[in-house]
Enquirer: 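The following block contains the structure, expressed as structure tokens.
Source: prediction; values computed, not measured.
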Amino acid sequence: QVQLVESGGGTVQAGGSLRLSCAASGSTSKTNCKGWFRQAPGKEREWVAAVRTGGTTYYADSVKGRFTISRDNALNTVYLQMNSLKPEDTAVYYCAAGLVSFYTSYVPRNSYDYPYWGQGTQVTVSS
């Protein structure tokens, strides 16, 4: 089992920044990818970004150029730096971990890629 704990959410004005953290523990060696998803009220969960153990990163078009995903393998922690935040970024953000195809051409954007999930952290962007 892998346990994930997110932190760093909060309320920020439009144009501001936040950094989310996701600390992993347990059988982390069974995973090779971590991702961030978000879910706004009344909407389906949406993939945001992902990073492989080797460092390859992927981003949804809606956040490309504004968000940066990174990881510290020694600390088993993944970060999501969010800049130029918009009100439409308001959502509960979830960290997820999984074992995905080793081909880096595969973009791990699907919920089924990740069997392990954190409890979520609220991000609110005010206009």
Enquirer: Which distance, rounded to the nearest 0.5 Å, do you find between the SG of C95 and the CD of E6?
Expert: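 The SG atom of C95 sits 5.5 Å away from the CD atom of E6.
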Enquirer: What heavy-atom pair brings V78 and V51 nearest, and what distance separates the two atoms?
Expert: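 Nearest pair, atom of V78 first, then V51: CG1-CG1, 4.1 Å.
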Enquirer: Is there a side-chain contact between V12 and T124 in this structure, where contact means two heavy atoms from C-beta onward sitting under 4.5 Å apart?
Expert: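 In short, these two side chains do not touch, never coming nearer than 4.5 Å.
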Enquirer: Quick check for you: to the nearest 0.5 Å, what is the distance between T57 atom OG1 and R52 atom CZ?
Expert: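 The CZ atom of R52 is 11.0 Å from OG1 of T57, to the nearest 0.5 Å.
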Enquirer: side-chain contact (heavy atoms from CB on, under 4.5 Å) between Q13 and S127: does it pass, once the steps are laid out?
Expert: CA-CA 6 Å; Q13 287 191 332; S127 57; over 6 Å; no
Enquirer: In Å and rounded to the nearest 0.5 Å, what is the OG to CZ distance from S70 to R19?
Expert: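 CZ of R19 is found 7.0 Å from OG of S70.
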Enquirer: Have N83 and S17 got a donor and an acceptor in their side chains that come within less than 3.5 Å?
Expert: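 There is such a pair between these side chains.
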Enquirer: Kindly indicate whether the side chain of K30, heavy atoms from C-beta on, has any atom under 4.5 Å from the side chain of L99.
Expert: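 They are not in side-chain contact.
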Enquirer: Take C33 and Y114 through the test side-chain contact (heavy atoms from CB on, under 4.5 Å) and record every step on the way to the result.
Expert: CA-CA 8 Å; C33 186; Y114 304 93; 3.7 Å; yes
Enquirer: Quick check: do Y106 and D113 have side-chain heavy atoms less than 4.5 Å from each other?
Expert: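 The answer is yes; the side chains approach within 4.5 Å.
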Enquirer: At their closest point, which heavy atom of R71 faces which heavy atom of T53, and how far apart are they?
Expert: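 The answer is NH1-N, 3.3 Å.
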Enquirer: What's the spacing between R38 CZ and L80 CG if we round to 0.5 Å?
Expert: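 Atom-to-atom, R38:CZ and L80:CG are 9.5 Å apart.
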Enquirer: Are Y116 and W36 connected into the same hydrophobic cluster when the rule is that any two of I, L, V, M, F, W, Y join if their side-chain heavy atoms are below 4.5 Å apart?
Expert: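 Looking at the clustering, Y116 is in a separate group from W36.
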Enquirer: If I compare all heavy atoms of R66 with all of L85, which pair ends up nearest, and what's the gap?
Expert: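 It is NH1-CA, 3.9 Å.
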Enquirer: Which atom names give the shortest non-hydrogen contact between A40 and A91, and what distance separates them?
Expert: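 Shortest heavy-atom separation between A40 and A91 comes out as N-CB, 3.8 Å.
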Enquirer: For the residue pair Y79 and D72, confirm or rule out a side-chain donor-acceptor distance under 3.5 Å.
Expert: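 No.
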Enquirer: Strictly distance-based, threshold 3.5 Å: is any side-chain N or O of Y58 a donor or acceptor partner for the main-chain N or O of T104?
Expert: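 Yes; judged by distance alone, with no hydrogens or angles, the pair exists.
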Enquirer: Taking all heavy atoms of S27 and all of V2, pick out the closest pair and write down the distance.
Expert: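 Taking S27 first and V2 second, the nearest heavy atoms are O-CG2, 3.3 Å.
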Enquirer: Same hydrophobic cluster for Y94 and V123, using side-chain heavy-atom links shorter than 4.5 Å among ILVMFWY?
Expert: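 No.
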Enquirer: Are F37 and W117 an aromatic pair by the rule of ring centers under 6.0 Å?
Expert: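 Centroid separation for F37 and W117: below 6.0 Å.
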Enquirer: How many angstroms lie between OH in Y59 and CZ in F67, if you round to the nearest 0.5 Å?
Expert: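 Answer for the OH-CZ pair, Y59 versus F67, is 10.5 Å.
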Enquirer: Main chain of P87, side chain of T90: is a donor-acceptor contact present, judged purely on distance under 3.5 Å?
Expert: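 Checked: pair present.
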Enquirer: Taking the side chain as every heavy atom from C-beta outward, state whether Q3 and Q1 have any pair of such atoms under 4.5 Å apart.
Expert: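 The answer is yes; the side chains approach within 4.5 Å.
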Enquirer: Which heavy atom of P108 sits nearest a heavy atom of W47, and at what distance?
Expert: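 Heavy atoms only, the tightest pair is O-NE1, 3.4 Å.
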Enquirer: Between L20 and L4, is there shared hydrophobic-cluster membership here, with clusters defined by ILVMFWY side-chain heavy atoms closer than 4.5 Å?
Expert: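 Different clusters: L20 never reaches L4 through Ile, Leu, Val, Met, Phe, Trp or Tyr contacts under 4.5 Å.
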Enquirer: Using 0.5 Å steps for rounding, measure from the SG atom of C22 to the NZ atom of K34.
Expert: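 It comes to 7.0 Å.
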Enquirer: Identify whether the distance between the nearest side-chain nitrogen and carboxylate oxygen of K86 and D89 falls below 4.0 Å.
Expert: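 No salt bridge links K86 with D89.
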